[in-house]
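The block underneath contains the structure these notes are about, expressed in structure tokens.
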Protein chains: 2
Amino acid sequence: MEVNEKQKELIERIGVFYERKGMQPLVGKIIGLLLVHEQAEAAFDEIIETLGVSKSAVSNALTFLQAKNYVIYTSKLGERKRYFTLKSTDWKADFEQELEHIADIQRFLEEVLAIRPGETQEFNDRLRDFCDFLEFFRNEIPSLFERFKNQRG
Amino acid sequence: MEVNEKQKELIERIGVFYERKGMQPLVGKIIGLLLVHEQAEAAFDEIIETLGVSKSAVSNALTFLQAKNYVIYTSKLGERKRYFTLKSTDWKADFEQELEHIADIQRFLEEVLAIRPGETQEFNDRLRDFCDFLEFFRNEIPSLFERFKNQRG
DNA sequence: AATTTTGTTCTCTTTTTACAGAACCAACAA
DNA sequence: TTGTTGGTTCTGTAAAAAGAGAACAAAATT
């Protein structure tokens, strides 16, 4: 696929976004490419050409993306090529899971609170308050999803 | 400060957590140390001793943490030492800002949608739905904070 | 059977990260 | 004024990340 300037820019930006989330650069760019791709799917060699990278790099990145359940491939009848596409079946589910990392923070902050001495009262109180908020927030998530569903019924 | 086993373990875990968010290892460990520290503040040399790292590394990490508004230092009268502490004034505000990165996703996904051709309808529809959800979610945040405040009166 | 297509895996190199250590500097103390 | 304390900045380096390129493999094609 020929990518125009706007598409290039988006791939770049999306790439940087995912890179900052800890993924390796090429992985982010592939996500970007699959998002802007006109067919919403790309063949192995197409990725290589469009992004100008090596086979090995693409192979490894795709293995990672598939392991993480971000990407799947489909094959067309009579063709041996694989067409890679974003497993978009439920981005909201991914998002919900992403929010779960809040639970991690809460968990270790609770442990911190449990072992803190009473001397630093103000600090402890603020920490307590924040923990409570995280708890509250976490509990609100399901109903948030619920409300979104209803609101558009 | 002498750190016991539990404290060590927590520092380690908190460190890993922040590392996965893209910060460098030492930065995460310092956050951990300041969280479990009995006075909730630590002097420069104390950080060095407790974590067993070099002055330069600590200096750089603290510069970063201060730039990011995670940490401030206070000095005690008559002392030249700086005591570094987590700027805990409002963790919720930090959290709220953290949620703002959702806006980033939404922004580039909207741009993606704008340039996508109409052929891949199902893909586009799902993307649209997800964008709408992000919009909804983002708008709900303020009222979420509001409800938390009220709920505890 | 030989060749081509579509990838995968292995090895090597380049680049970046994360930190150590020494030199440095400003403030204060002796 | 010289030394000490508290920290910063500069320079070097070990280790890890990211990817190139070649060798390899399995399936399909000729």
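Computed from a predicted structure; not experimentally measured. Order of the sequence lines sets the chain letters (A, B, ...), proteins ahead of strands, with each chain counted from 1.
Between E38(B) and R116(A), no side-chain nitrogen of the basic residue sits less than 4.0 Å from a carboxylate oxygen of the acidic one, so the salt-bridge criterion is not met.
For the pair N60(A) CG and dA17(D) P, the interatomic distance rounds to 14 Å; values are reported in whole Å. The interatomic distance linking Q24(A) (CD) with dG19(D) (C1') rounds to 8 Å, in whole Å. Between the NZ atom of K81(A) and the P atom of dT29(D) there is a distance of 14 Å, rounded to whole Å. With rounding to whole Å, I47(A) atom CD1 is found 14 Å from dG19(D) atom P. The distance from atom CG of D45(A) to atom P of dG7(C) is 7 Å, rounded to the nearest whole Å. Atom NZ in K29(A) sits roughly 7 Å away from atom P in dG19(D) (whole-Å rounding). As a whole-Å value, the separation of L77(A) CG from dA28(D) C1' is 16 Å. One can place NZ of K76(B) at 16 Å from C1' of dG6(D), the figure rounded to the nearest angstrom.
Applying the 3.5 Å distance criterion, the base of dG21(C) shares a donor-acceptor pair with the side chain of S56(B). Applying the 3.5 Å distance criterion, the base of dG7(D) shares a donor-acceptor pair with the side chain of K55(B).
Of the candidate nucleotides dG7(C), dC19(C), dG7(D), dG7(D) has the atom nearest to the side chain of F44(B).
Of the candidates F136(B), F130(B), F137(B), F136(B) is the only one forming a ring-ring contact (aromatic ring centres under 6.0 Å, His included) with F148(A).
Note on V53(A): only backbone sugar-phosphate atoms sit closer than 4.0 angstrom, heavy atoms only; bases stay farther off. L62(B) comes within contact range of no nucleotide atom at all, as no heavy-atom separation falls under 4.0 Å.
R82(B) has no side-chain polar atom (N or O) that falls below the 4.0 Å cut-off from OP1 or OP2 of dT5(D). Taking side-chain N and O atoms only, R80(B) has no distance below 4.0 Å to OP1 or OP2 of dG7(D).
In summary, the side chains of E135(B) and Q106(B) do present a donor paired with an acceptor at a separation below 3.5 Å, with no hydrogens or angles considered. One side chain, E46(A) or H37(A), offers a donor N or O that lies under 3.5 Å from an acceptor on the other. Residues Y83(A) and E79(A) have side chains that bring a donor and an acceptor to within less than 3.5 angstrom of each other.
Mapped onto DNA chain D by nearest heavy atom, G78(A) and V27(A) fall at different nucleotides, with V27(A) at the one closer to the 5' end.
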